[in-house]
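Just so we're on the same page: letters track the sequence lines, and every chain starts at 1. Here the structure is a predicted model, which is why all the values come from computation and not from measurement.
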Protein chains: 2
Amino acid sequence: MPGSARGGEGLSIAGVAQRAGVSVATVSRVLNGHSNVRPETRDKVLTAVATSGYRVNELARNLRTAESRLLLTMVPDVGNPFYAEVIRGIDFVARQHGYFMLLCDTGADPGRERSYFDLLRRRRADGAICLDPATVQQALAEESNALPWVACCEFDSSVGVPYVGIDNYRAAGDAVRHLLARGHRRVALINSDDHYLYAQQRQQGYMDALRDAGIAPDERWRINVNSLDYEAGASAAALLMTYADAPTAVFAVSDTLAIGVMSGLRRVGKRVPHDVAVVGFDDISLAAQIDPPLTTIAQPMRELGETAARLLLQRLANRNENVPGVLLPHRLVVRQSA
Amino acid sequence: MPGSARGGEGLSIAGVAQRAGVSVATVSRVLNGHSNVRPETRDKVLTAVATSGYRVNELARNLRTAESRLLLTMVPDVGNPFYAEVIRGIDFVARQHGYFMLLCDTGADPGRERSYFDLLRRRRADGAICLDPATVQQALAEESNALPWVACCEFDSSVGVPYVGIDNYRAAGDAVRHLLARGHRRVALINSDDHYLYAQQRQQGYMDALRDAGIAPDERWRINVNSLDYEAGASAAALLMTYADAPTAVFAVSDTLAIGVMSGLRRVGKRVPHDVAVVGFDDISLAAQIDPPLTTIAQPMRELGETAARLLLQRLANRNENVPGVLLPHRLVVRQSA
DNA sequence: GTGAAAGCGCTAACAA
DNA sequence: TTGTTAGCGCTTTCAC
C-alpha cells in the first residue's frame, strides 16, 4: 500500500493522492496553492487531506526546494532585556514572511559562534543575524562573506556586510553632555569589553565630550567589564567609590549595568542622584520602574530587530543586490537618576 | 561533472567521492564515523573534504534519517527573566545532545501556539517543550498526546504528558506564612490570569494559609493580571492602596510583578517594607539588586529547563517508555522587602 | 572494506 | 487540467 504509512506514523503525499484518486503532482499543486487545478479536483484532494489528517513533511520539502525557512539569530545573551526585545523584533518580521527563528545564545564565545554559524553552511538555516562582537564578526566575514548574514546592533561598517545599529559615538556624547550640563566634572564610564566595537565607539564619544568641555578624562574612571549583568555594574561602582576623588557621575553603557551600579552605590551608602548621578543605555522597560527612575539613552530595540530581519530577507530575495547599512535614531530620556 | 556544484554553490557528497576516488557510500561512512573503513581510505576522504571545503547538507540528511534534530520550545514571553533562564537550561542540555532549540514566543496565544505546534507534525522539530497555560496544553493534548512533547513549569498532571515543575501550592503557602509570621493580617495576592494552573494552585495555597491562620481572605485583595510585566504590578498596587483598609502586605506570583508593585507603591508614597511588605516569586537575578532587595520564593529555573529537555530527550529515545512527572524543590529567600 | 543502488517525501519539468 | 518521472543529497542495505 504505497504511501500509506511512514515510519509507522503519518501519511505521505502518495497516500493522499491514492485516497483522492489523483496523482502526487496534483496533490502537491493544491497543497502549494497553484491555480491550474480544477475546483472539483481541488476539493477531492482537500477532503482527502482533511480526513486523513495528513501533514506535509517539511524535511522533504526543504530538501527539494533547497531552503530551510529558518533564520539563525546569534546573540551574546538572551537573558539581557535589551537583546530580548531585539529578538522579538526579528521574530516578528521573520514570521510575517514565513520564516522561523533559530535562536542561539553564543555567550559571545567565538567557538560557539563558529559552530552555530556552521548551521548556515550546512543548510540548516537560510540566513543569519549576528549580534556578537565585531571581532568575531570579522572572523566570520573572512571565511565567508558570501553567506547571507547581516549584523545587528554591533557592526563594523568596513566588513562589507549589511547592518543596522545606532550612532554609538553620538549617543555616548549625548549622555555625557547631559551630565556635564548638570555640573558634573568627574564622570566615570562603565563599559563593555573591547571586543565590542560599540564599546570603543561609546568610549570615544565619552572622551571627546569630556575633552570638548575642557576635561582631561582620568583613566581610573574608565572601567571595562566582561558581562552586562547587574553584579558587574555593582562591583564596578564599589571600586569607583574607593577613590578619594570619586566620580560624581557614572555613565554605564547598558541599563542592566546602570541598575547594578545603583545597587552597588547603595551598598556603600551613596545616594542617587544626590551623591552620584547615573546614566544608562538602552531604555529597557525596567529603567522607568526602579528607584530612582533611570535616565538613559533609548535605543529603538524592536525596530533594530525588525530592520535586521528585513535586511536579511532582502539579501535572501536578491543575492547580488547590495544591501545598505542603516543607522536608527537614539534619544536621551531624562528621568531622575541624573 | 557529477556532484560538482549544487545550485551554483557548495559541493555534494558525490563531488567529494569523485575527488577522493571512492564511492559516496564510503564518504558517508567516514563522515558518520563508522569503523569499517580502512585508515588510508579514510584519510583520502578526509583530505578531499578538507581541500574542497565540503559541508554536509543537513536538509538531505534530515530527510533520510527522518529527524530534524530541532527541539521546539514554546514560551509565553521570552522577555521575562524567569523564562529566559529556563530557556538557557533547555538550550544547554539540548546542545549537549546534538540538538538545537527552536524558540517560539507564543504570547500565551492559543492560535500562535497551535501554529507552532504544527511544526512538530510537519517534522520541522523532533519534539517540543511547552511552558504555556494549561488550558492551551489541554487542547494540544486532546488532538495529539501521541506527539513527543513535555510540559515545563506550567503543567496539568492529569493530561498524561511528562512534566517538570514545582509544588506551587506549598510554595505560595510558604510565602504567605512568612508574611503572617511577621504579623501581617491583611495580605493581598497579585496573580497571573486563571488560564495558568499554577495561578490557581498558588491562589489556593494563599487562601489555605490565610484560613489556617484564622483569616478570612478579602476578595478585593486578590487581583489577577494578564501580563507579568512591571506596569501590571504597578497598577495593581495602586489599586490596592485606594482601599481604606489597604493591605499591609502583598504577595506577587512573579518577581517582575513584585518589582512593579514596589514601583507602584512608591508612586503613591508608600514605603517598602515599612508601610507595605512585598514578597515575590522566582528569584530572578534582579531580585537581589533592587531597593529594598526582594524577599521571594526561589525556583530552580535553570534546572527546570534542563530537566524538561532531559525528559523530552528520554521520550524521544524511547517512545513507549513512560516518562514520569517530576517536582523540583523551591525555597523561601528572605531579603528586606518583607 | 568497498561499491551499486534503492529510496526518504517532496516539487517541477515535461508530456499528454 | 492532470499524470509520469526525474531528481534534491543523503544513509543504508545488500552484494561483492
Check: How would you list, by chain and number, every residue that makes a ring-ring contact (aromatic ring centres under 6.0 Å, His included) with A:Tyr196, sequence neighbours excluded?
Finding: A:Tyr198
Which atom pairs, donor and acceptor, lie under 3.5 Å between side-chain atoms of residues 71-80 of chain B and protein residues at least two apart or in another chain?
{"residue": "B:Asp77", "atom": "OD1", "partner": "A:Arg88", "partner atom": "NH2", "Å": "2.3"}
{"residue": "B:Asp77", "atom": "OD1", "partner": "B:Gly79", "partner atom": "N", "Å": "2.8"}
{"residue": "B:Asn80", "atom": "OD1", "partner": "B:Phe82", "partner atom": "N", "Å": "2.8"}

Next item on the list: Could you identify which residues of residues 23-35 of chain B place a heavy atom less than 4.0 Å from some atom of DNA chain D, listed by residue number, or say none?
Entry: B:Ala25, B:Ser28, B:Asn32
Check: Do A:Arg122 and B:Glu58 meet the salt-bridge criterion of a basic N to acidic O distance under 4.0 Å?
Finding: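 The answer is yes: the pair qualifies as a salt bridge.
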Specify the separation, in whole Å, of atom [atom1] of [X] and atom [atom2] of [N].
{"X": "A:Gln18", "N": "C:dG9", "atom1": "CD", "atom2": "C1'", "answer": "15 Å"}
{"X": "A:Asn62", "N": "C:dT11", "atom1": "CG", "atom2": "P", "answer": "10 Å"}
{"X": "B:Leu59", "N": "C:dC8", "atom1": "CG", "atom2": "P", "answer": "18 Å"}
{"X": "A:Leu63", "N": "D:dT11", "atom1": "CG", "atom2": "P", "answer": "12 Å"}
{"X": "B:Arg64", "N": "C:dG9", "atom1": "CZ", "atom2": "P", "answer": "10 Å"}
{"X": "A:Asn57", "N": "D:dC8", "atom1": "CG", "atom2": "C1'", "answer": "14 Å"}
{"X": "A:Ile13", "N": "C:dA12", "atom1": "CD1", "atom2": "P", "answer": "11 Å"}

Checklist line | A:Asp105 side chain to A:Gly107 backbone, donor-acceptor under 3.5 Å | finding: yes
Notebook entry, point to check: Hey, what's the ring geometry for B:Trp149 with B:Phe117, parallel, tilted or perpendicular (30° and 60° as the breaks)?
Noted result: perpendicular
Item checked: A:Arg310: partners by side chain to side chain donor-acceptor pair (under 3.5 Å), with sequence neighbours left out -> A:Glu306
Next item on the list: With axes from five pairs an end, tell me the bend angle of the helix from C:dG1-D:dC16 to C:dA16-D:dT1, nearest 10°.
Entry: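 End-to-end axis angle for the helix from C:dG1-D:dC16 to C:dA16-D:dT1: 40°, rounded to 10°.
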Next item on the list: Measure from NZ or CZ of B:Arg95 to the centre of the six-membered ring of B:Phe100, then state whether that distance is under 6.0 Å and the direction lies within 45° of the axis.
Entry: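 Ring-cation test returns no.
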Checklist line | Of A:Glu58 and B:Gly21, the one whose closest DNA chain C nucleotide lies more 5' | finding: B:Gly21
Next item on the list: With the side chain of A:Arg61 defined as its heavy atoms from C-beta on, choose the nearest nucleotide among D:dT11, C:dG9, C:dT11.
Entry: C:dT11
Note to self: Rounded to the nearest 0.5 Å, what separates atom OG in A:Ser68 from atom CG in B:Leu59?
What the structure shows: 6.0 Å
Next item on the list: Can you measure from CD (A:Glu303) to CD (A:Glu85) and round to the nearest 0.5 angstrom?
Entry: 11.5 Å
Next item on the list: Taking the side chain as every heavy atom from C-beta outward, state whether B:Leu70 and A:Leu102 have any atom pair closer than 4.5 Å.
Entry: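 B:Leu70 reaches A:Leu102 side chain to side chain.
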Next item on the list: Count the heavy atoms of every other residue, nucleotide or ligand shown that sit under 6.0 Å from CG of A:Asn322, and state whether that count exceeds 12.
Entry: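 No, because the 6.0 Å sphere around CG of A:Asn322 holds 12 heavy atoms or fewer from other groups.
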Notebook entry, point to check: Heavy atom of residues 36-44 of chain B under 4.0 Å from DNA chain C: which residues?
Noted result: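 Here the set is B:Asn36, B:Val37, B:Arg38, B:Thr41.
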